[in-house]
Amino acid sequence: MTLHELMTEDASRLLIVETRTGAPEIVHFGRAFAGGAGGLEALRERSVPNAALDVEAPATLLPEEGEGWPGLPGLTGRADDGSGWSPRVTFLDEERIDNRLVVRARDAVAGLLLTTEIELDPYGVLRCRASILNEGERDWVAERIALTVPVPHRFGTLRVPEGRWVHEFHHVDIPLRVGATEIANRRGRTSHDRPPTLFAGTNGFTNQTGEVWGLHLGWSGNAATRAEVLTDGRRVMQLGELFQGDEGRIAPATDLTTPWLYIAASDAGVDGVSQAFHRHLRARPGHTPPSGSRPIHLNTWEAVYFDHDLETLKALADRAAEVGAERYVLDDGWFHGRRHDRAGLGDWWVDETVWPNGLTPLIDHVTGLGLEFGIWVEPEMVNPDSDLFREHPEWAMQDPGHDPITGRNQLVLDLTRPEVFDRILGHLDRLLADHDVSYVKWDMNRDLTQAGSGARAAARAQTIANWRLIDELRVRHPTVTIESCSSGGGRADFGILERTDRVWTSDSNDALERQRIQSGFLRVFPPELMGAHVGPGQSHTSGRRHGLGFRATTAMFASFGIEWNLLDATDEERRQLAEIIEVHKRHRNLIHTGTVWQPDVADPAQQALLFVSADRTEALLSIAQLEIARYAVPSPIRLPGLVPDVRYRIEMQLLGDSRVGLAIAQPEWTRSGLTDISGAMLEAIGIQPPALDPESAIVIHLSAD
Ligand code: DGJ
């Protein structure tokens with residue numbers, strides 16, 4: 001039995017892992033102890049209750065029934081004849097290199113070799129995964145491989161995802177109590193409603209207070225997240241793939257590896273978890289470092305939908321360039337037969353009726369204006385009304401003998417078949433080789449149902465094949481940036497983000513909805529990955545109307561863009577938009593590289609977002625009033641993350657048509673600014689915001705005096 005201590009270089013996070021039985025067990029994750037971990041074993045010794053097994057099964061990464069685990073096991077499965085149903089691995093060996101630990105364990109009876117990997121990154125994010133090699137002579141079929149993480153006994157609250165289309169990244173808090181809470185996602189994509197993320201913490205945790213752990217599975221397919229409190233008081237989080245049919249089958253001499261599970265721990269609220277996740281994602285290999293130069297988009301979707309017309313699209317590009325956009329993304333509707341959403345998917349060549357001279361005249365026009373050109377694709381899909389489907393109806397995923405179910409009039413292409421993979425890769429490759437395209441919006445607009453390949457369930461293999469398709473395209477076109485979209489934010493996870501650089505956060509451009517959606521997104525992902533566009537005055541998805549100031553103040557703290565037919569905008573609106581874009585450009589380096597805080601607010605109808613520069617000499621704060629203020633006088637907002645003894649100058653900015661609310665008097669600083677205020681005061685006392693109208697927002701700039 002060994003206790004391994006893995007510590008971040010700045011000594012802020014300590015992970016203690018025990019390798020006692022087969023798989024390792026997380027013993028401690030959080031602050032380092034002054035004086036080391038001596039005596040930990042003695043402190044951890046638990047009594048053995050009556051009517052229990054003589055030895056308590058440890059909460060390893062994959063606790064086993066065979067070990068006596070009283071909860072749902074992490075690893076279950078069996079051979080076809082029913083044997084090997086209760087695996088029990090025993091420790092074999094381990095290798096520790098710096099902050100990476102690899103432990104091997106074997107069940108000679110079931111014929112399984114289990115390898116678990118645990119790594120602690122420099123930002124305090126712990127990630128782990130398991131791999132099962134079948135060393136036997138018969139297939140072994142895994143039913144469930146869920147990585148299991150014990151959280152501190154003092155945790156009483158679970159925060160789980162909730163949402164739907166145009167309402168992504170919402171969460172609800174529920175009590176963590178005896179029994180289990182399971183959230184299963186069977187949509188075959190990360191999903192709008194059940195993405196694989198959980199938070200657990202002490203009761204009443206907030207953005208800045210309480211102990212919280214965040215857990216996230218880097219997987220874009222079916223998955224279950226589960227929290228269980230055992231009657232012996234232990235509480236565990238379990239995250240793993242959901243297998244369908246035979247997906248867990250492991251043939252002799254082959255293995256099955258789980259997705260990575262990511263965990264961050266904070267003793268100062270959710271922000272600590274978010275900041276660790278952001279830093280981890282910012283450092284992921286092979287990606288554009290956050291340079292502060294995330295270009296400003298003009299996306300054509302809500303501007304023209306399928307109504308593609310070269311002259312209109314060129315004029316839109318002119319307007320985009322005038323207001324300061326830097327990337328023009330031609331959305332759905334450009335390819336063969338795609339005049340509406342009932343046809344065309346699969347036929348990835350330019351529609352000759354709408355584009356008699358191809359896309360080049362538009363691309364030349366756009367790049368001539370100095371903008372990058374981006375294009376929309378949905379490579380995983382096929383419409384029954386397409387040349388591809390007419391040629392190869394058998395290429396659609398299905399369960400033979402049952403009629404396939406369509407979603408948005410489309411079926412899913414079976415990318416696990418090499419000929420399908422190659423055909424689609426060939427189309428995409430040619431599209432990028434033949435055109436000056438530097439950006440791809442990769443969409444995916446339906447759930448996977450009956451996701452079969454031949455007679456077998458294949459949602460898992462499809463998820464992997466799709467990742468591989470993106471990877472291969474990236475190898476062939478390494479300078480092209482790819483955005484992950486799935487009817488808005490239906491595919492945002494650490495797995496897809498290994499191969500993409502922006503997320504289309506939601507199809508809602510309604511600023512009010514976006515405030516909440518983006519707050520939820522930022523709990524896990526950093527702002528430069530968060531696509532956010534200024535839409536028209538009336539939202540297409542909700543019918544709500546908002547002024548430009550609120551729309552822009554909401555979209556600018558992100559990877560900013562426009563999704564509005566600027567040909568319909570007034571001169572004054574375009575003038576204001578250009579001004580706002582200038583403000584964004586001035587501050588985007590801070591927004592895209594800074595530390596994100598979501599200051600706790602007293603008014604539940606208010607939301608604050610704070611971006612602090614790396615050297616903490618500058619910060620930007622947005623305060624949004626979502627509904628009528630709860631209190632007649634706004635409560636102060638305390639600002640974390642500044643340098644206590646640096647003195648800041650504070651200025652309020654109203655963007656576009658923004659205004660403060662009605663009051664006999666507003667604090668003087670909102671007009672004249674403030675100087676010489678220490679970071680310590682801002683953290684302890686906070687700033688006193690002006691009264692605000694519902695559905696409005698202000699921006700506050702802070703800089704070292
Ligand atoms: C769904 C996406 O989320 C939208 O932004 C748009 O690209 C449409 N698909 C196009 O069909």
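Whatever order the structure lists ligands and atoms in, that order sets their numbers, starting from 1.
- Figure legend: Arg189 and Trp467 shown without cation-pi pairing, the cationic atom not lying both under 6.0 angstrom from the six-membered ring centre and within 45 degrees of its axis.
- Both tests hold for Arg551 against Trp564: distance to the six-membered ring centre under 6.0 Å, angle to the ring axis within 45°.
- The residue Asn299 has no part lying near ligand 1, judged by heavy-atom distances below 4.0 Å.
- Ring centers of His365 and Tyr328: at least 6.0 Å apart, outside the cut-off.
- The N/O atoms of Trp376, backbone and side chain alike, include one that comes under 3.5 Å of an N/O atom in ligand 1.
- Every atom of ligand 1 is numbered from 1 in the order shown, and the set under 4.0 Å from a heavy atom of Trp504 is 3 (O), 5 (O).
- Of all the heavy atoms of Cys485, the ones lying under 4.0 Å from any atom of ligand 1 belong exclusively to the side chain.
- Closest protein heavy atom to atom 11 (O) of ligand 1: Asp332 OD2, 2.6 Å.
- Which parts of ligand 1 touch Gly488 is read off a 4.0 Å heavy-atom cut-off, strictly below it: atoms 3 (O).
- Of the candidates Asn222, Thr449, Asp193, Arg187 forms a side-chain hydrogen bond (donor to acceptor under 3.5 Å, both in side chains) with just one, namely Asp193.
- The heavy atom nearest to atom 3 (O) of ligand 1, considering only Val329, Asp507, Asp331, Asp443, is found in Asp507.
- A cation-pi arrangement is absent between Arg588 and Phe560 under the rule of less than 6.0 angstrom and at most 45 degrees off the ring axis.
- With Thr554 contributing its side chain and Phe550 its backbone, the two residues share a donor-acceptor pair below 3.5 Å.
- Among Arg408, Glu302, Arg338, Lys441, the residue whose heavy atom lies nearest to atom 5 (O) of ligand 1 is Lys441.
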